[in-house]
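Scope of the values below: all heavy atoms of this structure, side chains included, with no hydrogens, waters or symmetry mates. One is the number of the first residue; the rest follow in order along the sequence.
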Amino acid sequence: MRRKRIISSLLLACCLTVLSPSAKMVNANSTNPKTIAPKKTTDISAKQPEIVGKSAITVDFETGEIIYAKDIDTKRYPASITKLITGLVFAEHKQKNDEIPYTEDCLKQPEESLAKNYPGKIKVGETMNADDVMKTLLLFSANDAATMMADSVAGSSAKFSELMNKKAKELGLKSTHFVTPNGLHDNNHYTTAYDLSILSKAAFHNDWVRETMGTKDATVTLAGKFPLPMTNRNKNLGKDGCIGGKTGLTTPAGRCLTAIYEKNGRKIIGVVLKSEYGADDTQVFKDMNKIIDWSFAQQRSVYAEKGQIIETVKATYKPLKFFGPTKTVDVPIKLNENVEYYANYVNNKETTFSLSDTSTNAWDLAKNSDSLKVKVSERTYSKTYAATADITKGMLIKANLGLYAGAAIAVIVIVFLIMTIIKLIGSNKRRRRRKKSIF
């Protein structure tokens with residue numbers, strides 16, 4: 001019996017040695033790499049064209065990538081660019097053939113307006129075709145046309161502004177607040193170049209608004225009897241790829257312009273705020289041409305290179321797969337391709353990397369090392385890139401050779417002990433049989 005207890009104790013000790021959780025933790029990579037910050041191309045703001053406008057932006061129409069950026073998040077007054085959202089809300093509530101009345105509030109609006117610029121051509125109570133009102137709003141930029149829209153949709157400009165702000169929220173305009181439908185100055189009526197790029201895209205997606213702001217010349221009829229020719233105030237329209245836009249001007253806002261350009265099947269949105277009127281009212285249009293021409297010529301730069309470590313994840317595993325000590329290993333995640341972007345101060349600051357959901361088990365990572373995805377995000381734009389976990393089964397095995405050797409020795413000892421026990425038991429049985437035969 002004493003011999004059996006000794007043998008049992010030896011077996012238990014061997015098992016504890018193999019399975020002990022106090023074994024030293026090791027890394028699959030002996031250099032223990034840390035996450036390296038993505039390589040950022042030098043800010044090219046200095047290479048951007050100089051313009052008079054205080055804020056400006058260009059954005060790829062399809063992807064939302066910011067190409068040119070100058071003070072894009074500073075709150076500024078939009079002046080009559082406001083009429084884009086006025087027209088958009090109006091288009092969502094009315095049809096082209098609806099008759100829109102001219103109200104008392106319309107009569108109170110200053111120039112530019114139908115009543116002030118064309119006295120006697122339209123009176124309170126008379127109506128205009130909704131499509132003509134839209135043209136008057138976006139081509140001539142009539143302040144009373146905006147009031148006609150507001151009163152017909154919501155009953156007053158104040159209530160209409162609630163719809164404008166609701167729409168702004170739906171579009172994700174986070175730094176924008178509207179007070180008036182025509183953009184006449186109010187300290188609490190503001191936006192940013194970035195927000196206006198989003199609004200311009202939304203307006204362009206509306207068929208009625210897109211068609212109207214892309215119209216160079218039109219004739220509208222006032223009060224059903226007075227034809228009135230109009231020319232779009234956007235002097236760039238129809239030139240060098242400009243297919244739409246909206247102008248704006250107040251003293252606090254300065255000269256403002258938003259526009260959409262299309263060249264070689266690609267569209268870019270441009271916004272310039274707080275430029276100058278100038279002697280011949282051409283400065284804001286020159287500003288726009290500069291940033292648009294420059295933006296169409298730009299190529300993406302390398303933000304992070306193929307093979308670069310963009311993150312190091314901590315993975316756990318059991319060297320003996322399903323039992324034994326749990327260990328931790330740092331696993332570098334490397335890019336399988338270059339990450340490219342438009343270099344500007346906004347993207348340099350805001351571009352982020354995020355690893356898609358993946359197992360944190362080291363054995364799983366080693367098995368599926370080439371199936372990882374990294375999401376690279378810039379504001380509203382994002383793209384997914386292929387990545388690799390820098391870990392293999394061979395690394396894990398190599399890092400645990402001492403443990404495996406110990407386990408193998410333990411197994412050999414256990415097998416030896418088991419065979420010894422079997423042999424001892426067999427010997428005891430033979431002795432007992434011999435003793436029985438003697439007696």
State whether a side-chain donor-acceptor pair under 3.5 Å links [X] with [Y].
| X | Y | answer |
| --- | --- | --- |
| Tyr385 | Asn338 | no |
| Asp105 | Thr147 | no |
| Thr74 | Asp71 | yes |
| Asp330 | Thr312 | no |
| Ser359 | Asn361 | no |
| Asn236 | Asn289 | yes |

Can you measure from [atom1] ([X]) to [atom2] ([Y]) and round to the nearest 0.5 angstrom?
| X | Y | atom1 | atom2 | result |
| --- | --- | --- | --- | --- |
| Thr215 | Arg210 | OG1 | CZ | 11.0 Å |
| Lys383 | Lys375 | NZ | NZ | 14.0 Å |
| Asp207 | Lys96 | CG | NZ | 8.0 Å |
| Trp208 | Lys135 | CH2 | NZ | 10.0 Å |
| Thr192 | Ile57 | OG1 | CD1 | 7.5 Å |
| Ile268 | Ile291 | CD1 | CD1 | 9.5 Å |

With a 4.5 Å heavy-atom cut-off, do [X] and [Y] have their side chains touching?
| X | Y | value |
| --- | --- | --- |
| Asn188 | Phe178 | no |
| Ile269 | Thr58 | no |
| His189 | His177 | no |
| Ile260 | Met213 | yes |
| Tyr341 | Glu65 | no |
| Ile66 | Glu378 | no |
| Asp390 | Thr388 | no |
| Tyr317 | Leu365 | no |

Looking only at heavy atoms, which two atoms of [X] and [Y] are closest? And how far apart?
| X | Y | value |
| --- | --- | --- |
| Ser156 | Asp151 | CA-OD1, 3.4 Å |
| Ala79 | Ala253 | CB-CB, 3.8 Å |
| Ile85 | Ala168 | CD1-N, 4.0 Å |
| Cys256 | Ile81 | CB-CD1, 3.6 Å |
| Ala304 | Leu335 | CB-CD1, 3.6 Å |
| Ala158 | Ser161 | O-OG, 2.5 Å |

Under the side chain to side chain contact (heavy atoms under 4.5 Å, CB included) rule, what do Lys235 and Val284 come out as? Steps first, then yes or no, please. CA-CA 10 Å; Lys235 296 179 181 180; Val284 75; over 6 Å; no
Only counting residues at least two apart or in another chain, list the ones meeting ring pair (Phe, Tyr, Trp, His ring centres under 6.0 Å) with Tyr190. none
Could you check whether [X] pairs with [Y] (Lys NZ or Arg NE/NH1/NH2 to Asp/Glu carboxylate O, under 4.0 Å)?
| X | Y | value |
| --- | --- | --- |
| Glu92 | Lys167 | yes |
| Glu112 | Arg233 | yes |
| Glu311 | Lys334 | no |
| Glu162 | Lys159 | no |
| Lys290 | Asp287 | no |

When you look at Thr212 and Leu139, which way does the side chain to side chain contact (heavy atoms under 4.5 Å, CB included) test go after all the steps? CA-CA 8 Å; Thr212 306; Leu139 275 68; 3.8 Å; yes
Should the pair Arg379 and Tyr194 be classed as cation-pi, given the thresholds of under 6.0 Å to the six-membered ring centre and 45° from the axis?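 Yes.
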Could you tell me whether Lys201 sits above the aromatic face of Phe61, with NZ or CZ closer than 6.0 angstrom to the six-membered ring centre and within 45 degrees of the axis?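 Yes - Lys201 lies over the ring of Phe61, closer than 6.0 Å to its centre and within 45° of its axis.
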Check step by step if side-chain hydrogen bond (donor to acceptor under 3.5 Å, both in side chains) holds for Tyr381 and Asp60. CA-CA 10 Å; Tyr381 169 76; Asp60 186 288; over 6 Å; no
Qualifying residue, where the test is side chain to side chain contact (heavy atoms under 4.5 Å, CB included) with Met288 and the options are Val272, Asp293, Ile51: Val272
Thr176 and side chain to side chain contact (heavy atoms under 4.5 Å, CB included): which partner among Thr191, Leu199, Leu171, Thr82?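 With Thr176 as partner, Thr191, Leu199, Leu171, Thr82 yield a single side chain to side chain contact (heavy atoms under 4.5 Å, CB included), made by Thr191.
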Hey, would you say the Tyr77 and His185 ring centroids sit under 6.0 Å apart? yes
Would Val153 and Lys94 satisfy side chain to side chain contact (heavy atoms under 4.5 Å, CB included), going step by step from the backbone distance to the final call? CA-CA 8 Å; Val153 171; Lys94 297 292 182 177; 4.1 Å; yes
Would you please test Phe285 and Asn234 for side chain to side chain contact (heavy atoms under 4.5 Å, CB included) and show each step? CA-CA 8 Å; Phe285 303 103; Asn234 179 5; 3.7 Å; yes
Can you list every side chain to side chain donor-acceptor pair (under 3.5 Å) pair that touches residues 241-257, not counting sequence neighbours? Ser141-Lys246, Arg255-Asp281
